There are 2 protein chains.
Amino acid sequence: MKSTIPEAGAPIAQSASGNGIDRQEASLHGETLLRLRDYVVEGNIPEGARVPERQLCQMLGISRTPLREALKVLAAEGLIELLPNRGARIRQLSQRDLEELFDVMAGLESLAGRLACEAITDEEIVEIERLHYKMYGHYLHRDMQGYFQINQRIHESIVTAARNETLRTAYANFAGRIRRVRYSANFARKRQRWAEAMREHEAILDALRRRAGSELSDILFQHLRNKRTAAIEHLAEARDATAATAAEG
Amino acid sequence: MKSTIPEAGAPIAQSASGNGIDRQEASLHGETLLRLRDYVVEGNIPEGARVPERQLCQMLGISRTPLREALKVLAAEGLIELLPNRGARIRQLSQRDLEELFDVMAGLESLAGRLACEAITDEEIVEIERLHYKMYGHYLHRDMQGYFQINQRIHESIVTAARNETLRTAYANFAGRIRRVRYSANFARKRQRWAEAMREHEAILDALRRRAGSELSDILFQHLRNKRTAAIEHLAEARDATAATAAEG
DNA sequence: AATATAAAAAATGAATGCAAAATGAGGCTG
DNA sequence: CAGCCTCATTTTGCATTCATTTTTTATATT
């Protein structure tokens, strides 16, 4: 297999993709970091593959110095690995790694829910209710894509309502790591859990309305835990399938 | 005021201080990262002060390239700030930043407690009980220093018992940011909250024995929340005092 | 033919060089 | 004497260069 990196020399512009993790768009290093992070998160380089410095330099139209700085940061964020004298590789997450990640996400959302109950306004709750019913519509129409998007927005709204930028940043970081897997594994939610997830969302909204922090915290943790189970199962199947295909070919 | 950075040219050796955040001790960049992180966390550079590249290079006996790579990582970790064309400064945490940090720590410990209840062994519980009674001894003898050390070990034991390396790493990162403030503000626990904290620790141990995950989660969050209140108050006083002293002199 | 070995090529890690920007000293003006 | 401008110095950001290490390719050996 050859490289997956385009040859184009589109130099760095004002992309400012703002994923909430970082914001030094001014410097070449900062731009590179933002673009490269998105590039990796979107699954443009396969798991375990090398991150070819020279090629990326050409692609981004920069020298190796700022690129390498960005790579060090991405390594610290857990998206890539740095092997001594062997450069950077896209970090391959084991099943265990994924379980851990999901649990940390569960912990962060659980925290977000608790904090949100302290700070959320009535207007924000109304907005989440609106999203909730819209999502319910997608559920009724069996529109998984639409459902999934709204679902994500609801969770983000809760994190926002927590009024804690530190939490939001950490959340974005871990979400990015999981998103990378989702992209590359072509993840989809399992249908069988759909009804259950919908019920859990009812409970989330209910606890939020009552601003029952510790209860919401519990529900959110369990909700994410169930997501985790489904995701891990799905991923295991996907990997088995890939392995089988590889064995055939 | 002059620089706070020693002139000595002690080159980088096999320090390997292993704080659990990072582990590329092999490369010059990795070593630099470890040493510089400790250096900053231990409060060797005052808040808001510039991080002079050249001086640090001399101190560490390296060139600017690996140093700057380390600086980018520390900035991503939230220990320093990078101002465009003005280099790095030690990040100054506002009271709000600290509140946020404490809440995130509370969330992580709360999560750790929940996970620990799923995975902890009887032997680990016995060990935590041992620490608990040792800490109680320090409490009875009014030995704050000893109390504080054991207290920290108990919390670390719970994080360890959670069996989640991703969580442990994130925990270490946030703990470092708070520790930096603690070092530089010469933080001490308030006596008045001592008895209350001790009671909370009783409840923690009790919930852990019963492996009551969601209950322990609640107790730990509240415990850290109370810590937060005490810490913020203390810091506000300390800052007021500093400001007053500065105004006098 | 398969494996082992050696030379060539490429990549990495770090130091150095250079242009642009910021800082600071000194002098000028009001 | 405060405030502002000018210019030298320092610092920063990035590109480039250099020494090693790794990877690939070519050759030799069994």
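Just so you know, these numbers come straight off a predicted model, no measurement behind them. Sequence lines set the chain letters: A, B, ... in the order given, protein chains first and strands last, and positions in each chain run from 1.
Judged as a salt bridge (charged side-chain N to carboxylate O under 4.0 Å, His left out), and not counting sequence neighbours, A/E156 has no contacts. In this structure, A/E109 has no salt bridge (charged side-chain N to carboxylate O under 4.0 Å, His left out) partners at least two apart in sequence or on a different chain. Applying the side-chain contact (heavy atoms from CB on, under 4.5 Å) criterion to B/R89, with sequence neighbours excluded, gives B/R50, B/L83, B/R86.
Residue pairs satisfying the salt bridge (charged side-chain N to carboxylate O under 4.0 Å, His left out) criterion with at least one member in residues 58-68 of chain A, sequence neighbours excluded, are listed as follows: A/E53-A/R64, A/E53-A/R68, A/R68-B/E69.
Under the 3.5 Å distance criterion, with hydrogens and angles disregarded, a donor-acceptor pair is assigned to the side chains of B/S94 and B/D97.
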Distances for protein N or O near nucleotides 10-16 of chain C N or O, under 3.5 Å:
{"residue": "C/dA11", "atom": "OP2", "partner": "A/R54", "partner atom": "NE", "Å": "3.1"}
{"residue": "C/dA11", "atom": "O3'", "partner": "A/R50", "partner atom": "NH2", "Å": "3.3"}
{"residue": "C/dT12", "atom": "OP1", "partner": "A/R50", "partner atom": "NH2", "Å": "3.4"}
{"residue": "C/dG13", "atom": "OP1", "partner": "A/N85", "partner atom": "N", "Å": "3.3"}
{"residue": "C/dG13", "atom": "OP2", "partner": "A/R68", "partner atom": "NH2", "Å": "2.3"}
{"residue": "C/dG13", "atom": "O5'", "partner": "A/R68", "partner atom": "NH2", "Å": "3.2"}
{"residue": "C/dG13", "atom": "N7", "partner": "A/R64", "partner atom": "NH2", "Å": "2.9"}
{"residue": "C/dG13", "atom": "O6", "partner": "A/R64", "partner atom": "NH1", "Å": "3.2"}
{"residue": "C/dA14", "atom": "OP1", "partner": "B/L28", "partner atom": "N", "Å": "2.5"}
{"residue": "C/dA15", "atom": "OP2", "partner": "B/S63", "partner atom": "N", "Å": "2.9"}
{"residue": "C/dA15", "atom": "OP2", "partner": "B/S63", "partner atom": "OG", "Å": "2.3"}
{"residue": "C/dA15", "atom": "O5'", "partner": "B/S63", "partner atom": "OG", "Å": "3.2"}
{"residue": "C/dA15", "atom": "N7", "partner": "B/T65", "partner atom": "OG1", "Å": "2.8"}
{"residue": "C/dT16", "atom": "O4", "partner": "B/T65", "partner atom": "OG1", "Å": "3.4"}

What nitrogen or oxygen pairs link the protein and nucleotides 5-10 of chain D at under 3.5 Å?
none

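Across A/E47 and A/R180, no two heavy atoms sit closer than the pair CG-NH1, 3.5 Å. The heavy-atom pair separating B/L82 from B/A88 by the smallest distance is CD1-CB, 3.7 Å.
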